[in-house]
Amino acid sequence: MIDYSNFSKVSSLFFYGKRQRVKICFAADLSGAFMDDGKKRDTITYPSGSIGNGGQETLVSARERFELGFFTPEESTGSRSYLGIWYYKSNPRIVVWVANRNKPLLDVRARFAITEDGNLKISHRNETYWSTELGPTSNPAYREAKLLDSGNLVFRDSNNTLLTTVLWQSFEHPTDTFLSGMNMSENLKLISWESKADPKEGKFSFQLDEGRFVILINDYIVHWADGESIDFFNSERMPNGMKIFLLNTTGSVQNPPSEYNNTRIRLDVEGELQYWNFDTNWSLQWSEPKDKCSVSNACGNFGSCNLYNMLACRCLPGFKPKSLENWGNGDFSGGCSRSSAVCGKNDTFLRLKMMRVGQQNRKFQVENETICREKCLNNCPCQAYSFVKGNVNRQRFRQPSINMCLIWTDDLKDLQEEYSYGGPDLFVRVSKTDTELKAKSCKPCGINVIPYPLSTGSDCGDPMYSSFHCHTSTGKLSFQTQNGTYNVTTIDQDKRTFAIQDKDGDHCNSSTGGQLREFNLSLPFKMIDFKPWCDTVAGNFGSNISSQGVIEIIIGWEPPPEPVCTSSADCEDWPNSTCKNETGNGKMRCHCNSNFRWDGMALNCAQDVDGRSGGSSRKKKLLSLIVGVTIASVIVLSSIFLYTCILMRKKAKRRESQQNTERNAALMYGTEKRAWRLWKEVKVLDLMDRALCETCDANEFVRCVNVGLLCVQEHPWDRPTMSSVALMLGSDTASLPTPNKPAFSASRSLSDTASSSSPADSYVELTNTLEQGR
């Protein structure tokens, strides 16, 4: 067996000798590469020490830690193969490096070898699949590739000297895995696989960017970033030992620190950075981003993320989505914008607890919180502030002994609710008009704006709606029912609804048939809908809610009566009202003045017009609609009665003329077919009975035929509803759609029809028609 440590010396001694001696030296080196004593080889030399794409030939490092060879990804369904390095005898195979990741092999005859130009290549004939792309050399015999126990593939050249020169090494060209001995410099980055079955370069990359570790999407969108060490709100920081491992401050490529020999960092296909350690098995020590809220700025600027809500993102109070369409489609990247401008006397601060937020722009020492608040309030660009009191213990980092004021002048990013890290409160600048909707409205509870009449206490809202409780220590809002207390996730003032969540897994049990158990609510609340969430899985950008399932229940509230009051001053927010007791029950309310009536939908006193509430436009429209439908119904019933009389008259005249009889029968059984033909020929008036020619309005007749043809359209969605029919027949100005070919027409002859028709047949035809109706 050849000692490779002395190989360069031996080759140098014989180089200046006879040509025959050079050949003998090379033969000795080649025999050493293949290790005739039966041991596995770890080196490739020139010219015949190659590896074929057959899966049988491999290199194994000296201590059998790593193996190099051709492989096919285990989840791949094709025959594509790649040259890679993996942990020796790992099952399933743990691949740490791939050479030809962007150009897979389809030809099994390709080989991995040192070529005549002195490069390390994967090639077949004139096709090159991968190369070290070094400059050409006239002496490739002095070059060799060796797989080290660190997992590093080193390509080197003795170059006729006593020293070996490293020309290329895989540690400087990683794929998705970082190993002990590498150094995460500004020029090094990990790139994820495209999928578990394809090692092609994916869209995620991990690198050191301006002194901070980041994961990027397509090299420019920040997917995740390591938290700053001075950050009071963000604890998603990389462990110190992991940073030491990445920066390789205690070792080198050739001699990595031994304490990290069984450690690796991998960027997976979903963009998750994973820190693995091996004892008896591989175990995951740390990973980020581990959920949807850990992604960088997951809900956009001024958007808050909550792991425990079915809809993860929502805007802060006083803000609205920049794009309602994108927001509705689940794209929250655009974030939120202010509903009203700030920087004036009308500004206030929204106090948020248990929040995570991105890095502040400024920080300075202050004596107390009041000074910090004034600094932000007097500075228009200030978006938010936080007061960090000295000598308060924190979970991970040393707390300063002085009071600090943190100021955010840029848009707030990376906001997350119900964050486990108990940091200082965050005060966000908002306009009072966006958070204090009415004089009697309750103050916001955390990120929840509580509209009137909902009440969290006796000093706000309406007593009838006092089923809510604000947990001031956490900023969470809860709803109390006979069934229990539930967390409120969203409130929609426009729809007068709010959502609560029930974490009982029975709803997702197949034996229950997906039925919601009885949910007792009393007026003024009522259940509107419920949405099961049964496929929840922790991690993988999902929620942290238990996988047993969650139900989101939508609850609505009835419009409130007049607001309660103790004096006329309480009614200032409701003009045209006076505080008095009109019902005699001892409860004072802001009753509307004369000529005004209370509108619970609009929450104001609306002016009366002719004894009706002029402000209740919805009621007037509803009344008009009811009257219109009634009139149209009378017209339809009258038309049916008239048509029945006409048919009876035709039946009485049937004996007078066979021609009239056939014509009447055609009217009864073939009217639809004939009507469609005449409609296409623009001869609809030919359908009119001669007895009606002088008295019937032609336009009215055409309108009736048009509506009749629409009622027998082939597709149900093309047929009008009965309310639409009534509107069409009752209005001379309503525009009517153009009908298509009807679905049914009489196809039997008169004699066949007369002999086979029966009440049962007619009933069946009617039933089938109704089944296709709307």
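Note that the structure is a prediction, hence the values are computed from the model and not measured.
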For this session: Would you check, one step at a time, whether the test side-chain contact (heavy atoms from CB on, under 4.5 Å) holds for Lys322 with Ser337?
Result: CA-CA 6 Å; Lys322 283 188 176 180; Ser337 59; 3.9 Å; yes
Problem set entry | Distance SG-SG for Cys305, Cys293 less than 2.5 Å | yes
Exercise. After noting the C-alpha distance and the side-chain angles of Asn306 and Glu418, does the key distance pass the side-chain hydrogen bond (donor to acceptor under 3.5 Å, both in side chains) rule?
Worked result: CA-CA 7 Å; Asn306 192 319; Glu418 300 185 35; 3.1 Å; yes
Exercise. Taking the side chain from Asn740 and the backbone from Pro742, do they hold a donor-acceptor pair closer than 3.5 Å?
Worked result: no
Exercise. For the atom pair CG (Leu316) and CG (Leu412), what is the distance rounded to the nearest 0.5 Å?
Worked result: 7.0 Å
For this session: Determine whether Leu454 and Trp557 make a side-chain contact, defined as any pair of heavy atoms from C-beta on separated by less than 4.5 Å.
Result: yes
Problem set entry | Non-hydrogen side-chain atoms of Gln416 and Leu307 separated by less than 4.5 Å | yes
Seminar exercise, completed: The salt bridge (Lys or Arg N to Asp or Glu O under 4.0 Å) partners of Glu562 (sequence neighbours excluded) come to none
Exercise. Out of curiosity, Lys432 NZ to Ser340 OG, how far, rounded to the nearest 0.5 Å?
Worked result: 13.5 Å
Problem set entry | Check: Arg719 side chain, Cys711 main-chain N or O, donor-acceptor pair, under 3.5 Å | no
Seminar exercise, completed: By side chain to side chain contact (heavy atoms under 4.5 Å, CB included), Pro317 pairs with (sequence neighbours left out) Leu350, Thr435, Ile447, Val449
Exercise. Taking Gln501 for the side chain and Tyr308 for the main chain, is one N or O donor matched with an acceptor at less than 3.5 Å?
Worked result: yes
Exercise. Going by atom types alone, do Ser294 and Asp291 pair a side-chain donor with an acceptor below 3.5 Å?
Worked result: yes
For this session: Test Ile221 against Leu216 for side-chain contact (heavy atoms from CB on, under 4.5 Å), laying out the working first.
Result: CA-CA 5 Å; Ile221 299 176; Leu216 301 179; over 6 Å; no
Seminar exercise, completed: From the list Val269, Asn218, Ile217, side chain to side chain contact (heavy atoms under 4.5 Å, CB included) with Phe204 holds only for Ile217
Exercise. So, Asp492 side chain and Lys495 main chain: donor-acceptor pair closer than 3.5 Å or not?
Worked result: yes
For this session: Could you walk me through whether Asp573 and Lys440 pass the side-chain contact (heavy atoms from CB on, under 4.5 Å) test, one step at a time?
Result: CA-CA 8 Å; Asp573 206 37; Lys440 293 286 290 183; over 6 Å; no
Exercise. Under 4.5 Å between any side-chain heavy atoms of Ser478 and Tyr486, yes or no?
Worked result: no
For this session: Just do the side-chain contact (heavy atoms from CB on, under 4.5 Å) check on Ile450 and Leu477 with the steps written out, would you?
Result: CA-CA 9 Å; Ile450 306 174; Leu477 182 67; 4.0 Å; yes
Problem set entry | Side-chain (Asn329) to main-chain (Glu325) donor-acceptor, under 3.5 angstrom | yes
Exercise. Less than 4.5 Å apart, any side-chain heavy atom of Thr489 and any of Met310?
Worked result: no
Exercise. Do Arg496 side-chain atoms and Met601 backbone N/O form a donor-acceptor pair below 3.5 Å?
Worked result: no
Exercise. Do we see a donor-acceptor contact under 3.5 Å between the side chains of Arg314 and Asn448?
Worked result: yes
Problem set entry | Partners passing side chain to side chain donor-acceptor pair (under 3.5 Å) against Glu552 (at least two apart in sequence or in another chain) | none
For this session: Give a yes or no on whether the backbone of Pro560 and the side-chain of Trp598 come within a donor-acceptor separation of less than 3.5 Å.
Result: yes
Exercise. Of all heavy-atom pairs between Cys336 and Phe319, which one has the smallest distance, and what is that distance?
Worked result: CB-CB, 4.0 Å
Seminar exercise, completed: Closest non-hydrogen contact found for Lys292 with Ala298 is O-CB, 3.3 Å
Seminar exercise, completed: CD1 (Ile491) and CD1 (Ile555) are apart, to the nearest 0.5 Å, by 11.0 Å
Exercise. Can you check whether Ile500's main-chain N or O pairs, donor with acceptor, with Asn487's side chain at less than 3.5 Å?
Worked result: no
Problem set entry | By side chain to side chain donor-acceptor pair (under 3.5 Å) - contacts of Arg589 (at least two apart) | Asp462
For this session: List in chain and number order the residues that pass side chain to side chain donor-acceptor pair (under 3.5 Å) with Lys526, two or more places apart in sequence or in another chain; answer none if no residue qualifies.
Result: Glu558
For this session: Any chance you could lay out the ring-ring contact (aromatic ring centres under 6.0 Å, His included) test for Phe468 and Phe498, step after step, and finish with the verdict?
Result: CA-CA 11 Å; Phe468 297 87; Phe498 60 92; 5.1 Å; yes
Exercise. Can a salt bridge be assigned to the pair Glu194 and Lys203 using a cut-off of 4.0 Å between side-chain N and carboxylate O?
Worked result: no
Problem set entry | Glu270 side chain near Lys196 side chain, heavy-atom distance below 4.5 Å | no
Exercise. Which heavy-atom pair separates Ser441 from Pro451 by the least distance, and what is that distance?
Worked result: OG-C, 4.4 Å
Problem set entry | Partners passing side chain to side chain contact (heavy atoms under 4.5 Å, CB included) against Asn297 (at least two apart in sequence or in another chain) | Asn301, Lys413, Asp414
Problem set entry | Output field: ring centroids Phe525/Phe479 closer than 6.0 Å | yes
Problem set entry | Euclidean distance, Asn309 CG relative to Glu417 CD, rounded to 0.5 Å | 6.5 Å
Exercise. Atom OG in Ser76, atom CG in Asp198: separation rounded to 0.5 Å?
Worked result: 7.5 Å
Problem set entry | Close side-chain approach of Pro739 and Gln713, heavy atoms under 4.5 Å | yes
Exercise. For the residue pair Cys315 and Lys320, what are the closest heavy atoms and their distance?
Worked result: SG-C, 3.5 Å
Exercise. Distance from Cys605 atom SG to Asn593 atom CG, nearest 0.5 Å?
Worked result: 7.0 Å
Exercise. With ring centroids as reference points, do Tyr452 and Trp574 lie under 6.0 angstrom apart?
Worked result: yes
